[in-house]
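To find a chain, count down the sequence lines: A is the first, B the second, and so on, and within it residues start at 1.
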Amino acid sequence: METLARDLLDWYDRHARVMPWRVGPSDRQRGLRPDPYRVWLSEVMLQQTTVAAVRDYFHRFTTRWPTVEDLATAEDGAVMGEWAGLGYYARARNLLKCARVVARDHGGVFPDNREDLLALPGIGPYTAAAISAIAFDRPEPVMDGNVERVMARLFDIHTPLPAAKPELAAYAAMLTPQERPGDYAQAVMDLGATICTPKSPACGICPLRPPCAARAAGTAAELPKKTPKKPKPTRRGIVYLAQREDGAWLLERRPDRGLLGGMLGWPGSDWGEAPVEAPPIAADWAMLPAEVRHTFTHFHLILSVRHAVVPLGQAPHSGHFVPQSAFRPSDLPTVMRKAFDLLRGA
DNA sequence: AAGTCGTGGAA
DNA sequence: TTTCCAAGACT
């Protein structure tokens, strides 16, 4: 085996982080393999999301839905509510789609190879390779942000991302061993997450310090190079928090496509330069003195919040009243929960 | 094939 | 305060 892969595995054997979805190197050596359902769920949650943010969500999901068949029979609203706050809500919609395909078309058993996994909703090149490697111990090269960074530094690649991806992928494939590929995949990513970090990498304690070209050249901290990003514009909007006299809240289910798709939210205006008032029900609306500030991937948002108490028996123009007993603020995406918190004085 | 799509923690 | 960024997928 390549010396570099072996050095990395030796390091992993000593430093592998304990995670709820992971079978550690010693257990794996005894033939134990992780549950593909848990690997899949964790990998989807970990897309563009930190381990720290995922932990509690993973626990709640696996407690409530222990198997893929359990998840497949869940109601849409229950899954979206459980995902609320984790972000990138298309993941939750595709998660449920995928669970139902696996339950219906695959007898509740996940495919054991990259190609078949790739055909499932929400499973792209990275996740297909990761499940294939981690759950089924297949020698598939995984390419995520960590691996890109590690490769860029190991080989001192100065081509900016994303143009450098093919070159970095070739190096990653070259280094992927035939032995213990599942542990290796997690080892590279652990290295990237804990040692070979984006800022101020800990080269002093890195197991790959000897062969690292960027370390030798003194360029590690500035790699990988990236093409500059566009500045985020600021948009404005108005949301309306109506509470009926019996305590019910006026909410709406957002359309499946687009921003916060499929999530529960407060009725409101469009978001743009100068939002137009769009109250969902006739009432004496009061404007809250403070505003909600929130930043999405590609724009900043400033939300003005309106509040009103409305009498029973009045039909809204949009949305539907949710009984107070059935309303959980934790079902809301964060930006909507911020508006609620503002009203409650939190 | 660039743009879309969340969030919170770190620096 | 602002910027950066995290185990990407989809269109």
Side-chain angles (χ1 to χ4, degrees), chain A residues 17 19-22 34 38-58 80 83-95 97-98 117-135 140-150 161-163 165 169 172 182 184-194 196-201 221-222 224-235 254-263 265 271 292-301 332-338:
Chain A
R17 292 182 293 169
M19 293 191 262
W21 49 83
R22 173 177 284 179
R38 295 167 67 88
V39 173
W40 163 70
L41 179 62
S42 68
E43 288 301 339
V44 172
M45 287 183 167
L46 286 163
Q47 289 166 9
Q48 298 290 285
T49 309
T50 58
V51 169
V54 163
R55 273 208 162 85
D56 290 347
Y57 282 88
F58 180 83
M80 301 313 288
W83 196 276
L86 197 54
Y88 284 133
Y89 298 101
R91 293 185 296 172
R93 303 194 298 272
N94 287 327
L95 188 83
K97 282 185 195 169
C98 182
L117 286 163
L118 198 50
L120 294 169
I123 298 184
Y126 163 75
T127 305
I131 296 172
S132 190
I134 296 169
E140 299 286 355
V142 297
M143 273 306 286
D144 73 329
N146 288 308
V147 182
E148 287 176 356
R149 185 169 58 255
V150 171
L161 287 169
K165 282 182 185 248
Y184 174 82
Q186 294 175 95
V188 195
M189 293 190 284
D190 266 23
L191 187 79
T194 61
C196 196
T197 52
K199 296 167 187 173
S200 56
E222 63 190 65
K225 294 195 180 292
K226 298 193 175 184
T227 55
K229 297 170 184 174
K230 294 179 179 176
K232 299 179 193 227
T234 298
R235 299 182 192 171
R254 298 173 63 88
D256 261 347
R257 299 190 175 269
L259 192 71
L260 308 179
M263 297 301 291
W271 298 348
V292 168
R293 290 178 170 274
H294 191 76
T295 299
F296 292 97
T297 310
H298 51 294
F299 65 93
H300 303 289
L301 178 66
L332 297 174
T334 299
V335 64
M336 297 296 174
R337 193 181 44 72
K338 282 184 180 178

Is [X] touching bases, backbone alone, or none of the nucleic acid, heavy atoms closer than 4.0 Å?
X       : value
G192(A) : nothing
G261(A) : nothing
T334(A) : sugar-phosphate
K230(A) : sugar-phosphate
L86(A)  : base
R293(A) : nothing
M263(A) : nothing
V335(A) : sugar-phosphate
R93(A)  : nothing

Output the single nucleotide from dG6(B), dT7(B), dA9(C) whose closest atom is nearest the side chain of R91(A).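 So the side chain of R91(A) is nearest to dG6(B).
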Side chain T297(A) and base dG6(B) donor-acceptor under 3.5 Å: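 Such a pair exists between side chain and base.
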Strictly under 6.0 Å, is that where the ring centroids of W21(A) and F58(A) end up?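 Ring centroids of W21(A) and F58(A) are less than 6.0 Å from each other.
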Please compare K199(A) and A53(A) by the position of their nearest nucleotide in DNA chain B and report the one closer to 5'.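 The residue closer to the strand's 5' end, by nearest nucleotide, is A53(A).
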